[in-house]
Protein chains: 2
Amino acid sequence: MATELDTVDKQILDLLHDEGRATYNDIGEELGITGNTVRRRMDRMREEGIIRKFTVMTDPAKLDYLTVAFGLSTEAGRTDDIAEEIAETDCVYKLWVLSGTHNIIFDARFEDTEHFQSFTHDVLHAVEGIASYESSIVTRSVIDDGSTVLMSDEEDAAEQTVASVED
Amino acid sequence: MATELDTVDKQILDLLHDEGRATYNDIGEELGITGNTVRRRMDRMREEGIIRKFTVMTDPAKLDYLTVAFGLSTEAGRTDDIAEEIAETDCVYKLWVLSGTHNIIFDARFEDTEHFQSFTHDVLHAVEGIASYESSIVTRSVIDDGSTVLMSDEEDAAEQTVASVED
DNA sequence: GTTGAAATGCTGTGTAC
DNA sequence: GTACACAGCATTTCAAC
């Protein structure tokens with residue numbers, strides 16, 4: 001679990017995070033090392049799975065998608081299976097397994113409301129073990145850095161709710 | 001709002017989505033066009049805001065972060081201000097404004113539980129207009145494509161809950 | 001207005017240090 | 001971690017559709 005990332009590695013990731021297509025030389029110049037060194041460190045981090053992938057971030061509003069966030073309450077013991085099953089659906093592009101009342105939350109993208117309805121019918125109502133679900137239209141994405149995991153199988157964090165507060 | 005993306009543009013985005021550092025020539029070869037055309041289309045999509053940025057996706061487990069998902073209920077009229085305020089915090093790396101009971105959901109990354117506690121105290125308890133909040137540890141990220149918006153100011157989607165079902 | 005082809009300067013990649 | 005050499009890439013220009 002513990003990782004051996006030094007300051008230079010973290011600086012490289014920071015720069016890549018802002019500009020994923022930056023050249024090795026540009027990154028190296030910024031950090032006072034050669035581009036070749038940057039390349040080898042990036043190769044190493046990719047092999048070690050620290051770097052999962054490089055991707056493009058697009059504006060869903062300009063692509064005319066309807067973005068919906070879902071929260072699921074699942075039967076005990078079925079959570080991981082349900083997560084995998086839902087994650088396989090094309091329109092689901094983010095999915096997390098959580099502690100707390102909603103075991104699974106995920107984001108999906110639909111072309112129209114009909115597409116949304118067929119998803120709830122064909123997927124959510126078809127999967128066994130979903131006690132309840134809620135869904136809300138995402139009206140606005142303020143930030144989404146995309147700097148997270150893809151297909152992680154870690155099972156470390158404690159199974160408990162951190163906090164639940166009413167002011 | 002409506003956008004003029006043809007099939008080639010969408011194919012370019014699909015390929016970039018999987019491999020954000022793909023060369024223009026590689027993309028062009030895949031689609032049967034020259035790399036030159038790919039570059040000009042990518043430049044155009046970036047100017048039009050369809051492409052927001054290129055980024056690297058890393059594995060938070062390997063970076064030793066504690067990932068926590070929050071759901072906020074805010075006072076009417078304060079939602080956007082609160083969203084902006086929270087989004088400015090360093091450890092918050094995803095934030096959406098929603099319809100429904102939880103107006104704002106966001107993901108934050110903490111170095112340890114102390115960092116988590118100082119965040120809830122200094123940020124969540126300091127901001128006016130937060131009626132209640134919930135937080136859950138993210139035990140597992142099954143997918144996270146990162147293919148979404150950064151700093152969108154669109155305000156189009158209807159302000160209503162799509163569905164809320166109890167089976 | 002959009003494309004492909006050629007020219008040039010820069011970048012990525014492997015090898016040696 | 002750096003230096004070099006070469007193949008490949010990005011970028012500009014220009015002609016053609």
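Labels below follow one simple rule: chain letters A, B, ... track the order of the sequence lines, proteins then strands, and each chain is numbered from 1.
- Between the side chains of A:Asn103 and A:Thr74, at least one donor N or O sits under 3.5 Å from an acceptor N or O.
- In this structure, the CG atom of A:Asn36 is 9 Å from the C1' atom of C:dG12, given to the nearest Å.
- Heavy-atom minimum distance, B:Arg52 versus A:Thr58: CG-C, 3.9 Å.
- A tilted orientation is assigned to the rings of B:Phe70 and B:Tyr133, their planes being inclined by 30° to 60°.
- Regarding B:Arg21, its CZ atom lies at a distance of 13 Å from the C1' atom of C:dT13, rounded to whole Å.
- Using a 4.0 Å cut-off between charged nitrogen and carboxylate oxygen, A:Asp81 and A:Arg78 count as a salt-bridge pair.
- Within a heavy-atom distance below 4.0 Å of DNA chain C, the residues of residues 22-34 of chain A found are A:Thr23, A:Tyr24, A:Asn25.
- When rounded to the nearest whole Å, the span between CZ of A:Arg39 and P of D:dA7 equals 16 Å.
- Rounded to whole Å, atom C1' of C:dG1 lies 14 Å from atom CG of B:Asp9.
- Using a cutoff of 4.0 Å between basic side-chain nitrogens and carboxylate oxygens, B:Arg109 and B:Asp90 are not scored as salt-bridged.
- No hydrogens or angles were tested; on distance alone, nothing pairs the side chain of B:Arg44 with the base of C:dG1 as donor and acceptor under 3.5 Å.
- With hydrogens and angles ignored, no donor-acceptor pair closer than 3.5 Å exists between the side chain of A:Arg41 and the base of D:dG1.
- Judged by distance alone, with hydrogens and angles left aside, A:Asp43 brings no side-chain donor or acceptor close enough to the base of C:dG12 to form a pair under 3.5 Å.
- Put simply, CZ on B:Arg40 is 11 Å from P on D:dT12, counting in whole angstrom units.
- With sequence neighbours left out, the side-chain hydrogen bond (donor to acceptor under 3.5 Å, both in side chains) criterion links A:Asp26 to A:Thr23.
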